[in-house]
Amino acid sequence: MDMNNFFTDLQSKINQAIENSPAKDIEKNVKSMMTQGFSKLDLVTREEFDIQAQVLAKTRAKLEALEARLVELETRLNVAP
């Protein structure tokens with residue numbers, strides 16, 4: 001048996017042992033508990049966060065443009081006789 005076959009066989013036996021052990025059940029239970037815990041935290045996905053960041057950036061740009069326009073209009077009003 002060459003080394004490659006040895007390691008492949010060893011990996012297969014380890015995977016089989018894990019599948020048949022309580023460790024697999026523990027992993028499933030921990031994942032389930034974490035999923036339930038995260039669902040209670042009212043978190044947003046990365047995609048939702050990125051979308052809101054883009055909306056905020058656009059809103060900020062519009063606000064800055066409106067502020068500049070307001071300054072321009074106020075300047076015109078103050079200069080007019």
Quick check on E48: does its CD atom have over 12 non-hydrogen neighbours (other residues, nucleotides or ligands) under 6.0 Å away?
yes
I'd like to check the side-chain hydrogen bond (donor to acceptor under 3.5 Å, both in side chains) partners of S12; sequence neighbours left out, ordered by chain and number.
none
Show me the side-chain donor-acceptor pairs of residues 62-74 shorter than 3.5 Å, one per line, residues at least two apart or across chains.
residue : atom : partner : partner atom : Å
R69     : NH1  : E72     : OE2          : 3.2
E72     : OE2  : R76     : NH2          : 2.8

Please identify each residue that fulfils side-chain hydrogen bond (donor to acceptor under 3.5 Å, both in side chains) with K58, with sequence neighbours left out.
none
Rounded to the nearest 0.5 Å, what separation is found between the CG atom of L56 and the CD atom of Q54?
11.0 Å
